[in-house]
**Student:** 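Here it is, the structure, as structure tokens.
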Amino acid sequence: MAGTEEAPWLHQHLAAGEELEPILATFPDDAPLRSAVARCRGLRLLRQEPWECLASFICSSTKQIVQIRQIVALLSERWGHSVAAPPEAVVNRAFPTAATLVSAGEGALRDCKLGFRAPYVLDAARRVVEGRLDLEALAHRDTPAAREALMEIHGVGRKIADCVLLFAYGRQDAFPIDVWVRRALSQLYFPRARRVSAAQLESFSESYFGPYSGYAQQYLFHYIRLEAGR
DNA sequence: CTCCAGGTTATAC
DNA sequence: GTATAACATGGA
């Protein structure tokens, strides 16, 4: 997850995070983007631990953000090892390792409200444990190759792969398109179109935002959610 | 009760 | 290539 918001323990990540505002200089004439940046001051990209990031986003499909947090908290409370945390922290356990989740089994994962995502998380965990997926090695591969490797996991498509690339590996050329970003792109860049296909949005983001697409995605995501909240 | 949620997959034109 | 249903679960 990335954001400007709430959890106190995020502050260290935010403080250490990269300034995203160079995007302003890259797109000086993009009114929608400038507006999004203006309303989302202080936004930073997180750099999450890859396994936690991957598993969390596999849990995210067709779930509300509040529910994703709940699932991650449940998994951590049940199987995560205890870690030092400030007293106000909601959870004081780390996210469980892949090996732990493999031994927990599918039924136990379903008990944590994963539903049909349980076998997906299990497939990812098995690949990591068995060495068929080397998360550390992904850091040394280019973005398309790393994306392809992630998408071999059952339950990981383009969107989740791009989330991991962006939030765990810092690949700023990754551009996860979820329902919110689809909404933002359609509204801001294709206002006349009745319907814009996924392939169309994908090729637009690549050619238009290029190497900064990850920055842009974060601003557009938070911007459109702020809009929706009013 | 119906609709939808930081999607992906299998199946069918 | 594009469209649609199914997949668990719970909040709005």
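Values below: every heavy atom of this structure, side chains too, minus hydrogens, waters and symmetry copies. What you see is a predicted model, and the numbers here were worked out from it, not measured in a lab.
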**Student:** With sugar-phosphate meaning primed atoms plus P, OP1 and OP2, does A:R117 contact a base, only sugar-phosphate, or nothing at under 4.0 Å between heavy atoms?
**Tutor:**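 It contacts base atoms.
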**Student:** Nearest-Å distance, CZ (A:R182) to P (B:dG6)?
**Tutor:**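 So the two atoms are 13 Å apart, to the nearest Å.
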**Student:** Scan A:Q217 against the nucleic acid and name what it touches under 4.0 Å (heavy atoms): base, sugar-phosphate only, or nothing.
**Tutor:**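 Touches a base.
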**Student:** If you link ILVMFWY side chains whenever their heavy atoms are less than 4.5 Å apart, which other residues fall into the same cluster as A:V129? By chain and number, please.
**Tutor:**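 Direct or chained contacts put A:V129 with A:V102.
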**Student:** Run the ring-centre check on A:Y208 versus A:F204 and record whether the distance is less than 6.0 Å.
**Tutor:**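 Judged by ring-centre distance (under 6.0 Å), A:Y208 and A:F204 do meet the cut-off.
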**Student:** Send over the distance from A:R110 CZ to C:dG10 C1', rounded to a whole Å.
**Tutor:**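 Interatomic distance, CZ of A:R110 to C1' of C:dG10: 16 Å.
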**Student:** Starting at CD1 of A:I160 and ending at C1' of B:dT8, how long is that distance when rounded to a whole Å?
**Tutor:**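 Roughly 7 Å, once rounded to whole Å.
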**Student:** Whole-Å distance between B:dA5 P and A:F57 CZ?
**Tutor:**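 Computing the A:F57:CZ to B:dA5:P distance gives 17 Å.
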**Student:** To check you understand the geometry: which heavy-atom pair defines the closest contact between A:S205 and A:E202, and what is its length?
**Tutor:**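 Scanning both residues completely, I find the closest heavy atoms to be OG-O, 2.8 Å.
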**Student:** Compare the minimum distances between each of B:dT9, B:dA5, B:dG6 and the side chain of A:D178, then state the nucleotide with the smallest one.
**Tutor:**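 Given the options B:dT9, B:dA5, B:dG6, the side chain of A:D178 is closest to B:dG6.
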**Student:** Are any of the side-chain nitrogens in A:R34 or A:D30 under 4.0 Å away from the carboxylate oxygens of its partner?
**Tutor:**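 No, no charged N to carboxylate O under 4.0 Å.
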**Student:** What do the steps show when you test A:T143 against A:D173 for side chain to side chain donor-acceptor pair (under 3.5 Å), and what is the final call?
**Tutor:** CA-CA 8 Å; A:T143 300; A:D173 51 338; 3.1 Å; yes
**Student:** Of the residues in residues 186-205 of chain A, which ones touch DNA chain B at a heavy-atom distance under 4.0 Å?
**Tutor:**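 DNA chain B contact set from residues 186-205 of chain A: none.
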**Student:** Please determine if A:E227 and A:R39 form a salt bridge, counting it only when a charged side-chain N lies under 4.0 Å from a carboxylate O.
**Tutor:**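 Yes, charged N to carboxylate O under 4.0 Å.
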**Student:** Can you tell me the distance, in whole Å, between the CD1 atom of A:I68 and the P atom of C:dA8?
**Tutor:**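 Interatomic distance, CD1 of A:I68 to P of C:dA8: 18 Å.
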**Student:** Given the P atoms of C:dG10 and B:dT8, what is the spacing between them in whole Å?
**Tutor:**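 Those two atoms are separated by 22 Å.
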**Student:** Taking the side chain of A:S61 as its heavy atoms from C-beta onward, which of B:dG6, B:dG7, B:dA5 lies nearest to it?
**Tutor:**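 For A:S61, the side-chain atoms sit closest to B:dG7.
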**Student:** If you compare every side-chain N and O of A:K113 against the phosphate oxygens of C:dG10 (OP1, OP2), does one of them come in below 4.0 Å?
**Tutor:**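 Affirmative; the distance criterion is met.
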**Student:** Categorize A:I177 for me: base, sugar-phosphate, or nothing, with a 4.0 angstrom heavy-atom threshold over every strand shown.
**Tutor:**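 Touches nothing.
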**Student:** If only atom types and distance count, is the side chain of A:S56 paired as donor or acceptor with the main-chain N or O of A:E52 below 3.5 Å?
**Tutor:**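 Judged by distance alone, yes, a pair lies under 3.5 Å.
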**Student:** Check this one for me: any side-chain N or O of A:R69 less than 4.0 Å away from OP1 or OP2 of C:dG11?
**Tutor:**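 Checking A:R69 against C:dG11: no side-chain N or O falls below 4.0 Å of OP1 or OP2.
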**Student:** Reading DNA chain B from 5' onward, which residue's closest nucleotide shows up sooner: A:Q64 or A:I153?
**Tutor:**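 Its nucleotide being nearer the 5' end, the pick is A:Q64.
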**Student:** Taking CD from A:Q70 and P from C:dG11, how many angstroms apart are they, rounded to a whole number?
**Tutor:**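 Rounding to the nearest Å, CD of A:Q70 and P of C:dG11 are 7 Å apart.
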**Student:** Would you mind reading off the distance between A:R147 atom CZ and B:dT8 atom C1', rounded to a whole angstrom?
**Tutor:**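 Checked: the CZ to C1' distance equals 16 Å.
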**Student:** Tell me whether A:W180 and B:dG6 count as stacked here, given that the ring centres must be under 5.5 Å apart and the planes must differ by less than 30 degrees.
**Tutor:**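 No, the aromatic ring of A:W180 does not stack with the base.
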**Student:** Classify A:V156 by what it touches in the nucleic acid, base, sugar-phosphate, or nothing, heavy-atom distance under 4.0 Å.
**Tutor:**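 The residue A:V156 makes sugar-phosphate contact but no base contact.
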**Student:** Kindly indicate whether the side chain of A:K63 and the base of C:dT9 share any N or O donor-acceptor pair separated by less than 3.5 Å?
**Tutor:**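 Yes, a donor-acceptor pair under 3.5 Å.
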**Student:** Closer than 3.5 angstrom, by distance alone: can the side chain of A:D123 be matched with the main-chain N or O of A:H154 as a donor-acceptor pair?
**Tutor:**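 Checking the backbone N and O of A:H154 against the side chain of A:D123, a donor-acceptor pair under 3.5 Å is found.
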**Student:** For nucleotides B:dG6 and C:dA6, find the distance between their P atoms and express it as a whole number of Å.
**Tutor:**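 Roughly 22 Å separates the two P atoms.
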**Student:** Please state how far atom CD in A:Q67 lies from atom C1' in C:dG11, giving the value in whole angstrom units.
**Tutor:**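 About 6 Å, once rounded to whole Å.
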